[in-house]
A.B. asks: 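This is the structure I want to talk about, given as structure tokens.
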Amino acid sequence: SARQAAGGGGGESSSEEEEEDEACTACSKPGELVLCTRCRDLWHLACLPVPLKILPAGDWFCPFCVELHRQKADALPRQRAPSHRL
């Protein structure tokens with residue numbers, strides 16, 4: 001199962017019918033997919049904007065979640081260094 005390949009299986013068994021429904025967010029085709037830790041979207045490694053050659057270990061975030069996180073970080077007010085004027 002794609003979810004197990006991405007580390008999200010946790011010993012759960014899924015029916016063959018569910019596995020057939022798993023498809024890449026980009027191309028809508030099944031295959032070996034990586035699961036986004038945050039939004040649970042599935043991707044082929046080759047369909048990513050920057051294709052990967054190996055399945056990443058641990059948490060992995062899809063391009064949409066990475067961009068959303070970047071936008072939220074950019075929206076935070078920047079703290080200025082304290083002034084050392086006397």
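If you're wondering where the values come from, they're calculated on a predicted model, not measured in any experiment.
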A.B. asks: To the nearest 0.5 Å, what is the distance between SG (C36) and CG (D59)?
C.D. replies: 9.5 Å

A.B. asks: To the nearest 0.5 Å, what is the distance between SG on C62 and CG on L68?
C.D. replies: 9.0 Å

A.B. asks: Could you walk me through whether R40 and L35 pass the side chain to side chain contact (heavy atoms under 4.5 Å, CB included) test, one step at a time?
C.D. replies: CA-CA 6 Å; R40 314 305 282 176; L35 174 69; 3.4 Å; yes

A.B. asks: Look at the side chain of T37 and the backbone N and O of W60, then say whether any donor-acceptor pair between them is shorter than 3.5 Å.
C.D. replies: yes

A.B. asks: Less than 4.5 Å apart, side chain to side chain, heavy atoms only: is that true for P63 and W43?
C.D. replies: yes

A.B. asks: Could you tell me whether a side-chain N or O of H44 sits under 3.5 Å from a main-chain N or O of P30, the two making a donor and an acceptor?
C.D. replies: yes

A.B. asks: Can you measure from CG (L33) to CG (L42) and round to the nearest 0.5 angstrom?
C.D. replies: 5.0 Å

A.B. asks: Test of understanding: clusters of I, L, V, M, F, W, Y form through side-chain heavy atoms closer than 4.5 Å, transitively. Do V34 and V66 belong to the same one?
C.D. replies: no

